[in-house]
*Asks:* 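Got a structure for you, written out below as structure tokens; questions coming shortly.
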Amino acid sequence: MIVLHPVLEICASDDFTLWPVAESAPYGFLPLSGALGPAEVGTAVMRIAACNDIAPGAGDGRPPRPADSLLGFLHGLLTLDDLFVSGGLRIIDTATGTTFLPGCCTGLEERSDWLHVLDGTGSASFGHDPSPLAERHGDTVRLTVDAEREDSPVIELPVTDLRRLLAGAERDLADFLRLATAWTALHLPAHTTTVAAALHRALDVPAEPPSREARRQGGQTACWT
């Protein structure tokens with residue numbers, strides 16, 4: 001069985017105090033979906049903001065970083081034109097244990113490159129160290145875990161299966177963003193609209209208008225009550 005999840009690269013967050021976050025290892029990947037708990041959503045929001053925590057430069061048109069610690073941390077997320085979300089798509093062959101992971105310097109917002117594999121050039125790479133490579137061969141897609149290794153493990157799956165899995169990843173991201181919007185209402189109530197919009201933009205997922213029930217409850221979700 002082949003499973004695919006959108007994942008966010010995370011780092012240790014022991015010294016982070018702006019809002020509650022989950023304990024995390026020094027390096028790993030957090031799958032994004034609608035099944036996360038509040039602390040895990042907090043970790044994801046923290047990491048996405050940290051990926052874009054870049055001081056304004058001369059002539060870039062951005063306002064100065066606010067002195068307030070919270071607004072200062074969120075400044076890049078809220079003001080940068082091009083946002084980066086370290087991570088990508090993780091694909092696991094559960095029968096063999098082979099795992100295809102995004103490499104360094106690739107982002108979740110770049111996942112449209114998978115469409116090049118299916119309907120464009122027929123191949124795409126996803127970072128380095130390792131150097132994952134996806135190639136289409138007829139009706140099959142071959143995933144090489146590390147193209148720099150001659151003996152690299154590979155995963156092969158039908159094109160139709162990959163299309164289905166990619167559609168599932170988009171649903172996972174939309175579900176995560178619904179949770180994240182509710183989370184901002186609880187933990188960043190003064191910045192709910194701007195932070196939620198920035199998260200949608202960062203992950204390249206169209207924003208959805210809040211439901212009547214979400215507006216009535218102030219964004220709280222039943223699974224957290």
Side-chain angles (χ1 to χ4, degrees), residues 3-11 13 16 18-19 21-22 24 28-54 73-91 100-118 124-127 132 134 162-188 191-211 214 219 221 223-224:
V3 295
L4 181 154
H5 297 107
V7 293
L8 175 66
E9 182 183 327
I10 57 173
C11 305
S13 55
F16 186 80
L18 292 176
W19 58 73
V21 296
S24 56
F29 290 95
L30 175 65
L32 300 182
S33 74
L36 299 183
E40 292 173 310
V41 175
T43 297
V45 174
M46 178 270 292
R47 180 56 179 152
I48 294 172
C51 285
N52 299 282
D53 187 14
I54 301 171
F73 180 66
L74 294 173
H75 190 61
L77 177 65
L78 300 181
T79 62
L80 282 169
D81 290 332
D82 298 316
L83 297 172
F84 173 66
V85 181
S86 184
L89 301 182
R90 181 179 67 188
I91 304 171
F100 181 95
L101 284 171
C104 180
C105 301
T106 188
L108 257 171
E109 77 285 354
E110 300 172 320
R111 65 190 181 280
S112 61
D113 287 355
W114 285 93
L115 298 180
H116 296 314
V117 178
L118 296 176
S125 57
F126 300 93
L162 181 56
R163 290 190 192 278
R164 173 180 54 81
L165 291 168
L166 292 175
E170 294 303 310
R171 290 191 295 271
D172 283 341
L173 288 172
D175 289 345
F176 161 73
L177 285 166
R178 279 190 283 271
L179 281 187
T181 299
W183 179 94
T184 61
L186 293 172
H187 297 280
L188 300 172
H191 312 288
T192 298
T193 301
T194 54
V195 172
L199 292 173
H200 276 83
R201 191 162 59 88
L203 290 171
D204 195 22
V205 176
E208 298 179 357
S211 68
T221 55
C223 62
W224 291 350

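Heads up: numbering here begins at 1 and tracks the sequence.
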*Asks:* Donor-acceptor pair, distance only, cut-off 3.5 Å: does the side chain of Arg201 make one with the backbone of Asp81?
*Replies:* yes
*Asks:* Mind checking what makes ring-ring contact (aromatic ring centres under 6.0 Å, His included) contact with Phe100, not counting sequence neighbours?
*Replies:* Trp114
*Asks:* Shortest non-hydrogen contact from Leu32 to Asp172?
*Replies:* O-CB, 3.5 Å
*Asks:* Can you name the nearest heavy-atom pair linking Leu179 to Ala35, along with the distance?
*Replies:* CD1-N, 4.3 Å
*Asks:* Quick check: closest heavy atoms across Ser13 and Ala22, and the distance to 0.1 Å?
*Replies:* OG-O, 3.4 Å
*Asks:* Hey, are the side chains of Leu74 and Leu18 touching, using non-hydrogen atoms and a 4.5 Å cut-off?
*Replies:* no
*Asks:* Do you know the tightest heavy-atom contact between Pro31 and His5?
*Replies:* CB-CB, 4.3 Å
*Asks:* Hey, is the main chain of His191 close enough, under 3.5 Å, to the side chain of Thr194 for a donor-acceptor pair?
*Replies:* yes
*Asks:* Taking all non-hydrogen atoms of both residues, which atom of Ser86 and which atom of Cys51 are closest, and how far apart?
*Replies:* N-SG, 3.6 Å
*Asks:* By ring-ring contact (aromatic ring centres under 6.0 Å, His included), which residues pair with Phe16, not counting sequence neighbours?
*Replies:* Trp19, Phe73
*Asks:* Which pairs pass side-chain hydrogen bond (donor to acceptor under 3.5 Å, both in side chains) with one or both residues in residues 41-53, sequence neighbours excluded?
*Replies:* Asp53-Arg65
*Asks:* Any chance you could lay out the side chain to side chain contact (heavy atoms under 4.5 Å, CB included) test for Glu109 and Asp82, step after step, and finish with the verdict?
*Replies:* CA-CA 10 Å; Glu109 77 285 354; Asp82 298 316; over 6 Å; no
